[in-house]
Amino acid sequence: MHSKLLLFEKDEKLRESLKAVLESGGEYVVLGAYENVKDIAAILRLEKPDLVILDAGMPEGITAISIIKKERPETLVLIYTSVLDEEKLFKCFCRGANGFLLKNTSLIEVYEGVNELRDGGAPMSPAAAKLVLESFRKPSKKNEENYNLTDREIEVLKLLIKGLSVKRIASELNMAFETSRSHLRNIYQKLNVHCGKEAIAKVFTEKINLK
């Protein structure tokens with residue numbers, strides 16, 4: 001069964017390229033590709049997408065994340081932007097973004113990021129992941145509380161922050177897939193969140209100690 005996508009990207013050539021690459025494997029169908037988010041609420045109600053790729057750099061792009069999550073909480077949101085800064089990253093995840101890729105990412109890597117997102121991961125460009133992890137290490141802002149996370153759970157959480165899917169986390173840590181899922185469920189319970197993007201946002205906002 002195809003996953004249904006919407007694209008919101010101001011650059012016409014990039015919209016066309018994204019659509020072509022995403023539909024090339026037969027797993028995804030792009031329901032629409034738009035140059036702005038002006039009518040995004042109505043579009044969401046009509047198309048009911050599984051996933052949205054959103055250029056957060058377009059006018060009202062970050063605000064659109066909140067609209068998507070209000071209209072369709074189950075829809076996954078992958079941010080695709082050319083500008084990276086801590087404030088933008090913070091706002092995107094706090095409003096409900098599920099992944100964050102920079103436009104220097106190849107289109108094939110975007111396709112792989114969509115796959116990871118669909119599989120429960122939180123794909124992030126290396127520069128974005130580095131910024132997130134570095135923000136946790138700022139001693140002046142760090143929250144020394146770690147919510148009683150075990151060393152193994154912290155390892156799992158760090159890999160989730162780097163954008164790895166549950167399957168890839170299991171492979172990286174040489175554990176069974178179900179063990180990886182179990183660790184993630186425990187992490188979500190301890191942090192009082194429901195999914196990976198909420199866990200990342202909580203670690204980001206509270207500067208939770210991940211040493």
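Residue indices begin at 1 and follow the sequence shown.
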Quick check: are there more than 12 heavy atoms from other residues, nucleotides or ligands sitting under 6.0 Å from [atom1] of [X]?
X	atom1	answer
K103	NZ	yes
E172	CD	no
K167	NZ	no
R181	CZ	no
N174	CG	no

Give a yes or no on whether [X] and [Y] share a hydrophobic cluster (residues Ile, Leu, Val, Met, Phe, Trp, Tyr; joining criterion: side-chain heavy atoms under 4.5 Å apart).
X	Y	result
V193	I154	yes
L89	M58	yes
L160	I187	yes
Y34	L18	no
V30	L46	no

So Y111 and Y28, would you call those rings parallel, tilted or perpendicular, with 30° and 60° as cut-offs? perpendicular
Closest contact, heavy atoms only, [X] versus [Y]:
X	Y	result
L7	K19	CD1-N, 3.8 Å
G113	P123	O-CG, 3.3 Å
I79	A97	CG1-CB, 3.7 Å
F93	G99	CE2-N, 4.3 Å
Y80	V110	CE1-CG2, 3.6 Å

Enter the distance from [X]:[atom1] to [Y]:[atom2] here, rounded to the nearest 0.5 Å.
X	Y	atom1	atom2	answer
E12	R15	CD	CZ	5.5 Å
K88	I62	NZ	CD1	5.5 Å
T105	E112	OG1	CD	10.5 Å
I200	L157	CD1	CG	7.5 Å
L76	I53	CG	CD1	11.0 Å
N148	E153	CG	CD	9.5 Å

Sub-4.5 Å side-chain heavy-atom contact between [X] and [Y]:
X	Y	result
L78	L54	no
L44	L6	yes
E23	V29	yes
D55	F8	no
H2	L31	no
V166	D119	no
N192	Y147	no
N115	E27	yes

Looking only at atom types and distance, does a side-chain atom of [X] sit under 3.5 Å from a main-chain N or O of [Y], one as donor and one as acceptor?
X	Y	result
T75	P49	yes
S182	E178	no
N98	V77	yes
D11	L14	yes
E60	V37	no
S24	V21	yes
S180	I169	no
R95	S66	no
S125	A128	no

Identified side-chain contact (heavy atoms from CB on, under 4.5 Å) counterpart of V52 within the set L5, I68, I65: I68
Does R152 pair with E155 as a salt bridge, N-O distance under 4.0 Å? yes
